[in-house]
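Only one structure is covered here, and it is reproduced in the block below.
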Protein chains: 2
Amino acid sequence: MVEQDDRLSRIFGALADPLRRDMVARLAAGDATVGELAAPYDVSLQAVSKHLKVLEEAGLVRRSRDAQRRPVHLEAEVFDLMTKWIQRYQQQAEERYQRLDALLDRMQGRDDTHGTTDDTTGQTADRQRGAAG
Amino acid sequence: MVEQDDRLSRIFGALADPLRRDMVARLAAGDATVGELAAPYDVSLQAVSKHLKVLEEAGLVRRSRDAQRRPVHLEAEVFDLMTKWIQRYQQQAEERYQRLDALLDRMQGRDDTHGTTDDTTGQTADRQRGAAG
DNA sequence: GTCTTGCTCAACCACACGGTTGAGTAAACG
DNA sequence: CGTTTACTCAACCGTGTGGTTGAGCAAGAC
């Protein structure tokens with residue numbers, strides 16, 4: 001679990017950089033060499049190589065060997081890991097809204113104690129600490 | 001475009017930290033105050049406050065006011081932005097695989113010279129497709 | 001062999017990040 | 001009023017990140 005936690009951190013961290021995100025976008029269209037990836041940008045080849053290392057350590061990319069070239073390949077499966085994480089909490093939040101709406105409806109229909117809308121979730125407490133991912 | 005680029009960087013950057021990801025997970029279950037969020041962790045309240053600022057600037061979270069308390073609320077819509085970004089390139093990569101597969105099938109049916117099979121994308125290609133296939 | 005190409009590794013530098021402590025602020029409580 | 005609660009802001013500090021240049025290495029070209 002902690003292992004995947006670290007993996008997610010690497011993945012999100014890797015995609016936090018616009019240049020790296022750009023590279024991922026480019027690689028989605030097809031494999032490319034380091035030089036080709038570096039070409040559109042105003043940075044050194046070494047910098048691009050570093051970025052690729054970050055992407056590789058995050059498991060987003062794989063580097064192979066072809067003579068003196070280093071073709072880079074996008075590892076698309078990693079996206080699933082992110083999507084799963086996101087959807088989990090997105091769904092949880094949505095369900096909470098639905099419960100909140102239902103509660104508000106019921107209160108309006110029956111009683112009208114007072115208008116403080118917050119605190120309706122059983123107050124801010126940690127009734128449900130299902131954290132960790 | 002650039003504006004959203006920056007936004008995505010902030011979002012991914014915010015989620016690159018396991019503690020912040022944990023907070024998001026907690027907030028998906030319901031709003032909480034800073035103190036409540038800080039409680040489970042072994043860091044100072046100031047550190048947690050800083051983390052919340054990062055999440056806020058990424059648009060993942062909103063802080064309001066309730067007396068001296070600062071209830072934190074998860075802004076779930078942001079997930080859509082991420083999901084869109086991910087799915088876009090995920091889909092693009094998958095389509096590429098399908099095209100590649102189709103090409104390889106056609107070649108096996110006709111000829112078997114595995115010379116320059118690649119280049120279906122116009123980029124430098126190497127025809128190794130190991131993982132997600 | 002030597003040269004060139006395509007890349008990585010190493011060292012360095014400025015700056016951002018995550019943590020700390022200490023001080024300050026806003027609202028409730030006595 | 002002063003105290004307590006709940007927090008933010010400011011300053012500092014070690015470490016990580018993104019950039020640079022310079023050196024080195026593997027493989028094809030000559």
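All values below come from the heavy atoms of this structure, side chains included, with hydrogens, waters and symmetry mates left out. Protein chains get the first letters and strands the later ones, always in sequence-line order, with residue 1 at the start of each.
- Atom pair A:Leu55:CG and D:dT17:P shows a separation of 13 Å (rounding to whole Å applied).
- One can place NZ of A:Lys50 at 22 Å from P of C:dG6, the figure rounded to the nearest angstrom.
- Distance B:Leu52 CG to C:dG19 C1': 15 Å, rounded to the nearest Å.
- Distance CG (A:Leu45) to P (D:dC25): 18 Å, rounded to an integer number of Å.
- Ion pairing between a basic and an acidic side chain is recognised when a charged N comes within 4.0 Å of a carboxylate O; B:Asp80 and B:Lys84 show no such pairing.
- Between the C1' atom of D:dC25 and the CD atom of A:Gln68 lies a distance of 12 Å, rounded to the nearest Å.
- When the P atom of D:dG18 is taken as reference, atom NZ of A:Lys53 falls 13 Å away, rounded to whole Å.
- One finds no side-chain N or O of A:Arg69 lying less than 4.0 angstrom from the OP1 or OP2 phosphate oxygen of D:dG28.
- When heavy atoms are screened at a 4.0 angstrom cut-off, B:Ala47 is found touching base atoms of the nucleic acid.
- The CZ atom of A:Arg63 sits 17 Å away from the P atom of C:dG6 (whole-angstrom rounding).
- For the OP1/OP2 pair of C:dG18 and a distance below 4.0 Å, the side-chain nitrogens and oxygens of B:Arg20 include at least one atom meeting the criterion.
- We find that A:Asp31 and B:Arg96 are joined by a salt bridge, their nearest charged nitrogen and carboxylate oxygen being less than 4.0 Å apart.
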- Show your reasoning for whether salt bridge (charged side-chain N to carboxylate O under 4.0 Å, His left out) applies to A:Arg26 and A:Asp22. CA-CA 6 Å; A:Arg26 182 128 191 259; A:Asp22 223 58; over 6 Å; no
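- For D:dC7, neither phosphate oxygen OP1 nor OP2 lies less than 4.0 angstrom from any side-chain nitrogen or oxygen of B:Ser49.
- To the nearest angstrom, P of D:dT15 lies 18 Å from CG of B:Asp17.
- Using a 4.0 Å cut-off, some side-chain N or O of A:Ser44 falls inside it from OP1 or OP2 of D:dT20.
- Judged by distance alone, the side chain of A:Arg20 and the main-chain N or O of A:Ala14 form a donor-acceptor pair under 3.5 Å.
- Between A:Phe12 and A:Trp85, the two ring planes are perpendicular [angle over 60°; tilted spans 30° to 60°].
- A donor-acceptor contact under 3.5 Å links the side chain of A:Gln46 to the base of D:dG22.
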